[in-house]
Amino acid sequence: YAEAFRARGLQLKMKLDENLPVQFNTDHKRLVQVILNLLSNALKFTFRGRITLKVVMPAPNLLKFIVEDTGIGLTDEDKAKLFKEFAKDGNGADSPTNVGSKGVGLRLKIANQLAKYLGPESEEAGLKVESVYEKGSTFSFLVSEKTRENSLFKHSPSGAIYYSSQSFKLRPEPSFQPSRSIAASS
């Protein structure tokens, strides 16, 4: 995504909570899918300004990922349609969820399902959105740490069982020099 950001003259910022653990057990593959989907959507609908990825730890064994943009924002009507398949509001190319032929499509619905899978078993799971039309949007989701005690093997919304034993480190662009990185493994 770095090249796409540069080509559009956008800034990509990353802010990591100083209290993040060195290691966090989760399904890294699904976590990366959700983050990349949110960054991709932010890039699609932001034409000037910046996109920021924040990671905070609101409680033990819980991370919150936040993607903020200075894009075109959403109306309340558009927000109500976000997590439906191929969401388009029918108002043509100028509407927030229908930039040209690009709707938010199925990917955001899938990202919401994956965020529910990664999150706590509560109403707080899944993607949350705050947006002001013509000002920008903020998408966030919670990720629970997975241990043997709270089931590494978890059923997805589709009924499939996911398990990943690979490790990864979420790192910002090489030009960004944070004081630390987040590590997640499962």
Side-chain angles (χ1 to χ4, degrees), residues 1 13-45 51-69 71 74 76 78-87 97 104-131 136-172 178 180-186:
Y1 289 101
K13 296 188 175 220
M14 187 167 179
K15 296 181 180 180
L16 305 176
D17 187 330
E18 62 186 41
N19 298 319
L20 291 177
V22 173
Q23 185 168 324
F24 193 86
N25 296 308
T26 191
D27 185 332
H28 82 280
K29 213 173 179 185
R30 302 313 179 267
L31 175 60
V32 169
Q33 278 182 283
V34 176
I35 293 169
L36 290 179
N37 180 269
L38 294 178
L39 289 173
S40 173
N41 277 344
L43 181 62
K44 187 187 313 185
F45 297 110
I51 297 170
T52 304
L53 172 62
K54 296 179 184 178
V55 186
V56 298
M57 188 169 195
N61 304 317
L62 192 67
L63 295 180
K64 183 174 186 178
F65 289 80
I66 304 160
V67 175
E68 298 175 338
D69 67 57
L74 298 162
D76 289 339
D78 294 328
K79 283 190 273 189
K81 298 175 184 179
L82 271 183
F83 303 119
K84 295 184 168 74
E85 293 180 35
F86 304 106
T97 56
V104 292
L106 186 59
R107 290 185 339 163
L108 199 51
K109 180 179 180 181
I110 292 170
N112 186 41
Q113 291 174 337
L114 291 174
K116 286 179 182 178
Y117 156 73
L118 292 166
E121 294 184 13
S122 72
E123 293 139 21
E124 293 186 19
L127 294 177
K128 306 298 178 215
V129 63
E130 296 175 26
S131 187
S137 299
T138 300
F139 285 82
S140 63
F141 65 101
L142 297 171
V143 177
S144 298
E145 187 161 29
K146 307 297 179 212
T147 64
R148 292 197 189 281
E149 291 76 35
N150 69 7
S151 182
L152 277 171
F153 295 91
K154 187 170 181 181
H155 289 274
S156 74
S158 66
I161 297 175
Y162 296 113
Y163 174 74
S164 177
S165 60
Q166 297 177 359
S167 296
F168 83 102
K169 289 187 186 232
L170 178 61
R171 296 177 191 258
R180 58 186 298 165
S181 64
I182 341 172
S185 66
S186 52

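When reading the values below, keep in mind they use all heavy atoms of this one structure, side chains included, and skip hydrogens, waters and symmetry mates.
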Query - Euclidean distance, Thr26 OG1 relative to Leu118 CG, rounded to 0.5 Å - result: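 Separation between the atoms: 5.0 Å.
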Query raised in the report: Once you round to the nearest 0.5 Å, how far does CG of Leu114 lie from CZ of Arg30?
Result: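 Rounded to the nearest 0.5 Å, the CG-CZ separation comes out at 7.0 Å.
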Requested in this report: Would you indicate whether the side-chain heavy atoms of Asp69 and Phe45 approach each other to under 4.5 Å?
Outcome: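 The answer is no; the side chains never approach within 4.5 Å.
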**Report entry** Heavy-atom side-chain contact between Phe65 and Ile35 under 4.5 Å
**Finding:**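 The answer is yes, as the side chains (C-beta and beyond) meet within the 4.5 Å cut-off.
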Do you know which two heavy atoms are closest between [X] and [Y], and how far apart they sit?
X	Y	value
Phe141	Gly126	CB-O, 3.7 Å
Asp17	Met57	OD2-N, 3.4 Å
Leu16	Leu20	CB-CD1, 3.8 Å
Asn112	Leu127	OD1-N, 2.8 Å
Ile51	Leu43	CD1-N, 3.5 Å
Gly119	Ser144	C-OG, 3.2 Å

**Report entry** Residues which pass salt bridge (charged side-chain N to carboxylate O under 4.0 Å, His left out) with Lys54, listed by chain and number, not counting sequence neighbours
**Finding:**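 Result, salt bridge (charged side-chain N to carboxylate O under 4.0 Å, His left out) vs Lys54: Glu68.
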Among all residues two or more places apart in sequence or in another chain, which pass the side chain to side chain contact (heavy atoms under 4.5 Å, CB included) test with [X]?
X	value
Leu36	Tyr1, Val32
Asn37	Asn41, Arg107, Leu108, Ala111
Pro60	none

**Report entry** Flag if over 12 foreign heavy atoms under 6.0 Å of CD, Gln33
**Finding:**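 Yes.
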Report task. Not counting sequence neighbours, which residues clear ring-ring contact (aromatic ring centres under 6.0 Å, His included) with Phe139? List them please. Result ->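 Checked Phe139 against ring-ring contact (aromatic ring centres under 6.0 Å, His included); zero matches.
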Query raised in the report: So, are Lys79 and Asp76 salt-bridged, with charged N and O less than 4.0 Å apart?
Result: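 Yes.
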Requested in this report: Using side-chain hydrogen bond (donor to acceptor under 3.5 Å, both in side chains) as the criterion, list what pairs up with Ser131, not counting sequence neighbours.
Outcome: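 If we apply the side-chain hydrogen bond (donor to acceptor under 3.5 Å, both in side chains) test to Ser131, skipping adjacent residues, the hits are Ser137.
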Report task. Output every pair passing salt bridge (charged side-chain N to carboxylate O under 4.0 Å, His left out) with a member in residues 56-66, not counting sequence neighbours, ordered by first then second residue. Result ->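 Qualifying pairs, neighbours excluded: none.
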